[in-house]
Amino acid sequence: MSKKENLNQWFYETMLKIRLFEEKIIDVYARGLMPGLAHLYIGEEAVATGACATLEPSDYITSTHRGHGHCIAKGGDLNKMMAELFGKKTGYCRGKGGSMHIADTSIGILGANGVVGGGIPIATGAALSSKLRKSNQVTICFFGDAASNQGSFHESINFASVHKLPVIYVVENNQFGISVHQSRHQNIQDIADRAVAYGIEGKVIDGNDVLAVKDAVGQAVAKARSGEGPSIIECKTYRWRGHHEGDPNQGARYRDPKEIDDWKKKCPIARFEKYLKSEHGYTDETFKATRAKIQQLIEDAVEFARSSPEPDLEVALQDVYYEGGRN
Amino acid sequence: MSKKENLNQWFYETMLKIRLFEEKIIDVYARGLMPGLAHLYIGEEAVATGACATLEPSDYITSTHRGHGHCIAKGGDLNKMMAELFGKKTGYCRGKGGSMHIADTSIGILGANGVVGGGIPIATGAALSSKLRKSNQVTICFFGDAASNQGSFHESINFASVHKLPVIYVVENNQFGISVHQSRHQNIQDIADRAVAYGIEGKVIDGNDVLAVKDAVGQAVAKARSGEGPSIIECKTYRWRGHHEGDPNQGARYRDPKEIDDWKKKCPIARFEKYLKSEHGYTDETFKATRAKIQQLIEDAVEFARSSPEPDLEVALQDVYYEGGRN
Amino acid sequence: MAQMKLVEALNSALREEMERDERVFVLGEDVGLYGGIFGVTQGLYKQFGPERVIDTPISEAAIAGAAVGAAVTGMRPVAEIMFIDFITIAMDQLVNQAAKMCYMFGGNVSVPMVIRVPAGTGRSAAAQHSQSLEAWLMHIPGLKVVCPSTPYDAKGLLKSAIRDDNPVVFIENKITYNLSGEVPDEDYTIPIGKADIKREGQDVTLLATGNMVHYSLKAADELQQEGISCEVIDPRTLRPIDYETIINSVVKTSRLAIVQEACRTAGPGCEFAATVQERAFDYLDAPIIQIAGMDVPIPFNPKLEKTVVPSVEQIVREVKALF
Amino acid sequence: MAQMKLVEALNSALREEMERDERVFVLGEDVGLYGGIFGVTQGLYKQFGPERVIDTPISEAAIAGAAVGAAVTGMRPVAEIMFIDFITIAMDQLVNQAAKMCYMFGGNVSVPMVIRVPAGTGRSAAAQHSQSLEAWLMHIPGLKVVCPSTPYDAKGLLKSAIRDDNPVVFIENKITYNLSGEVPDEDYTIPIGKADIKREGQDVTLLATGNMVHYSLKAADELQQEGISCEVIDPRTLRPIDYETIINSVVKTSRLAIVQEACRTAGPGCEFAATVQERAFDYLDAPIIQIAGMDVPIPFNPKLEKTVVPSVEQIVREVKALF
Ligand SMILES: Cc1ncc(C[n+]2csc(CCOP(=O)(O)OP(=O)(O)O)c2C)c(N)n1
Ligand SMILES: Cc1ncc(C[n+]2csc(CCOP(=O)(O)OP(=O)(O)O)c2C)c(N)n1
Ligand SMILES: [Mg+2]
Ligand SMILES: [Mg+2]
């Protein structure tokens, strides 16, 4: 279902896609099918979904180590994503990138990023580029609460504010940088307050409310497109899983499991289901049907990934320098 | 005259020392006696003077490429400074540092710095150290308006705010980073507003008013010493000379000479003389006598530097690793 | 003597140094409550509290810079940068500040700090979490660079690094964290700047660091079967380098193969090869070879990842080709 | 043909490329209104306006990163980092992002950007404004590294760098800015990856970059007087390296001396020495020597500064000792 046809359905399907994709990763990772690190986005689906709802395919995003959600919301191909996570030849990066380095520039995904804060200057440069090319594109730059302490955050937003670049800095405040709670990594509650330092607008919203995200980001996107420059939108949310699959007991070293339970009650998907029911006449049956459809897409992606070949060894030696593109 | 005995006299002498030292450099540099780069502080004397007035000898400062004023105000030895500028063996750094690298840890000067923003993390670490050692020392970190756009600014102040470190970030807003006016390098007018980003206090003051600087920094120092954490104090001021001696026509490429004239009317020393006259009964004679005394110190320093030997060539190979100290 | 893993040896070095000298403290991302992403600082937060085991914001430049500032004012910080790849963000503080202060300031300032950096491949962590950048650090006057390969060396060298009056970059090869070995119960140090002959031999010298030491030892076993006797040297310190031990070995064996994970071009092995050929030219019976990481970023797929760094088989093959 | 300074040659390369291709733009600190601290961008602001000649805040990481982001979205940025010493602040964007994106993303993304960096000694600018850090950049797969020594090479190579689809670090040896030379009036490029024989000779090969090319040529004149015929090669590109030209020369001369300003240990010369001894082992009549910067930070005092980098006399002396 496309955004234009039926936005509510798109919201629902996109959040579910992310959730079910990630839940599948838990299983796949535990079974040793996915090498490397898996940083899951479960609980934060409304942010990527609401934000990307406001974009055109030609618009850009930059993403993070926790990037599956952004990629799916911007229209990434589930098969190529899953194959990449498996390290297969058919993956987005021919098996050379993995979870932290998926990109698809044909739909504006300028890359996940293994460096915390690493995508922020890149987003800024993409926005500069679209300004210079007068292409009317905007860029959404996703990053976490802890990334807002990197120098790259400060330098980039200052740069963008001087040149009034069309970029929206979307902070996914899930309250932790690995194990360090926000209260221990910064002396403020609302990261959006940092907008003051750049003379731009900053807004705090409930990041588990897909409609609120869409509205706030949508306004910022409209501003950016009309040449009024960057904004910071802070989305308060929470990650349900450990920092990565392998973080013992979902992070019990640094947080109370009860906190997780409390946040599960604020599940962005359950919340949106309630809304769909009460405002748009959705029923449990429609939910079930949608869920089954999406689950099938995920199973297909796993099957695609599983049955895809490993990259040939010489692939390891290719693409150090640009060879003309592979797609 | 020491601070404790007669603060007003100390203010006056210190500002004059800086002014006359720098005016001498203009001459010395033009005659080719000083190699490398000379970034002069003329016009900004009230900032270093007012700020350092609040410190004990055991307190720390970090300085910048434009560091002579900070060094003098913190009690640096004029002979050793001048000799260092001449590259002589008797200089602070045995001729190996030059203008941008003078340090004297025995009186808390942790170094000028050739890297814009490079001293900010170091000041933060010094403050962390004094907190850990419970030594009751504070650190003043000097830097320019343009340095406030470096990532190191952001990371350091965030760090200090989390740990409530005893450090005062003194922004010398002389309105330019080399040729780029503040309005072209950041989208705000008051850099002190950036304090909001760290949940700390920020204040803007007239940086040409030595008393105002002393008051504002003094309050911040008191706060820092009592464990209440860091502050940002922004001092609005102006550099009269070019970015360095060699910047054509005192920066005519990027600013209207009239602007310089307007600021000369706000000379911090002339202004303080007026105050001393009207409030403390100083006369032109006392000014003249003080000036003559200071001028002599500067001449002595030049003579000391001039007549000092060049470092032996093997000095170039020493001190790559610590050899136990040279003083 | 106790048997322990390398990660435990590092942990006990930190603990003992913090007990011995209250100027020593630890800072870095997730080193406190979490105990370090690789567990090196496990338990220290509990024992020494949040003031001496500091969880920092994600701000690598500030971490390194805070260490510099603390070091020049009387403390002995041990900072962790979570992956060597992120040292890229801290290079100004490390290279322009820490490494140069003593010199720039005329010898009057010492900077006794350690930066610990996990490095290397083997965890499918891809191009931004798997580099071996020791060559950069070896190039900088004013830095010392250490890279242990065994629990014994790790503990003794980390203590020396902490007691050194200069900035030391302490490189921990991630894949060796779980290697076990004997470690004395009593306090000991291993001097910075001393290589170790891990195996004596006659026919060829293998020079290797980190995990490549263990690969080289395995290769040496296999080569012994074929009648080739390998001397395996671990320089342990990459700056300053103990050329005396290395040259003596090459004078004896007349052949040198350098084994490293780092990329070949302008990598650490080039330093060794360039210096040894200059100092032992007349003793060499064959060109010095480098069995090195390929000149590519590290790929994610584990098979590809294995392909681009040396293997035991490759070492055996290439060393045999020297004869 | 016109006679012009190297700084003017760079300026005209930028101007012509900006005229030719509207995707090319310039960004950096004081590159606009001021025309660049060394004057390389003089006049461009006036001609092309503030949108294509962007004065940035002092934010090296953001400058490099903005270039990366612009490059992957269809532009061809040319960023200036005012001194190579400050590239330390931009290394994440350069090394972890720009250099690795094409590879990490499976070959589908190109990053056509240039970072220009003035480098080297000679201006009494002391330890934080005088480094030669090319060895770091040479070590990174995915980067190309260029370093011209003449106005002709500078212009032709900068054009090639701008037209290249990969990130290129363009090192400008500060002391050569004022050197004059002939530059063609018409458009021309010099291929990246091709060395240039600056002087033909028979007895020894001198390999040098930047200002050391000119020192080596002077030394070659003097050595000629004493009957030693030097071949002087400027690799011009430091990654990828044209080993064909270099090895052919060494095969002919049987002797190689590398001349560089950079510090010796783990410096650029080690790469050359290591590779040449491996590939031309049987042709060498003497050890490959490096006439290199000493392993110290650069001191401020001009006499000390001169002491720590090679001089013409030192080259003459050390090359003579090879015979
Ligand atoms: C520069 C850098 N430093 C450290 C890390 C290790 N690391 C990976 S994710 C992470 C926490 C990031 O927190 P946040 O930005 O809030 O994002 P979240 O994981 O919560 O989504 C850290 C420290 C890294 N990848 N890059
Ligand atoms: C990291 C870094 N980037 C660039 C420079 C070159 N540079 C020296 S001073 C300066 C301007 C600094 O402006 P500001 O911080 O306002 O201090 P001011 O010179 O006005 O006192 C620049 C760009 C440098 N020294 N370090
Ligand atoms: Mg977070
Ligand atoms: Mg300024």
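What you see is a predicted model; the values in this text were computed from it and never measured. Each chain gets a letter, A, B and so on, in the order its sequence line appears, and its residues count up from 1.
Interface remark: C:Pro240 contributes no atoms to any contact with chain D (heavy atom separation under 4.5 Å). Heavy atoms closer than 4.5 Å to chain D are found in the side chain of C:Met104, but not in its backbone. For a residue to count as touching a neighbouring chain, one of its non-hydrogen atoms must lie under 4.5 Å from one of that chain's; by this rule C:Ala126 does not touch chain D. If you measure heavy-atom distances from C:Arg239 to chain D, the contacts under 4.5 Å come from the side chain alone. In this structure, the portion of C:Ala286 lying under 4.5 Å from any heavy atom of chain D is its backbone and not its side chain.
Contact count versus chain C (heavy atoms, under 4.5 Å) is highest, among D:Met294, D:Glu60, D:Met91, D:Gln290, for D:Met91. Interface remark: of the candidates D:Ile89, D:Leu284, D:Leu238, D:Leu284 forms the most heavy-atom pairs closer than 4.5 Å to chain C. Heavy-atom pairs under 4.5 Å with chain C peak, among D:Asp295, D:Asp92, D:Ile288, D:Val95, at D:Ile288. Of the residues considered (C:Met138, C:Gln277, C:Gln93), C:Gln277 shows the highest number of contacts with chain D, using heavy-atom pairs under 4.5 Å.
In terms of heavy-atom proximity, C:Ala273 sits nearest to D:Ala274 at CB-CB, 3.7 Å. Closest approach of D:Ile140 to C:Trp136, counting heavy atoms only: CD1-CZ2, 3.6 Å. Nearest approach of D:Thr275 to C:Arg264, heavy atoms of both residues: OG1-NH2, 2.9 Å. Taking each heavy atom of D:Gln131 and C:Asn96 in turn, the nearest pair found is NE2-OD1, 2.9 Å.
In the model, D:Gln128 has a side-chain atom that pairs as donor or acceptor with a side-chain atom of C:Gln97 under 3.5 Å.
A 4.5 Å side-chain heavy-atom check between D:Pro299 and C:Tyr103 finds at least one atom pair inside the cut-off.
No more than 12 heavy atoms of other residues, nucleotides or ligands lie within 6.0 Å of OH in C:Tyr283, so this atom counts as exposed by the packing criterion. Other residues, nucleotides and ligands place no more than 12 heavy atoms under 6.0 Å from the NZ atom of D:Lys306. Counted within 6.0 Å of NZ on D:Lys303, heavy atoms from surrounding residues, nucleotides or ligands total 12 or fewer; the atom is thus considered open.
Side-chain atoms of D:His139 come within 3.5 Å of backbone atoms of C:Thr265 as a donor-acceptor pair (strictly under, hydrogens ignored).
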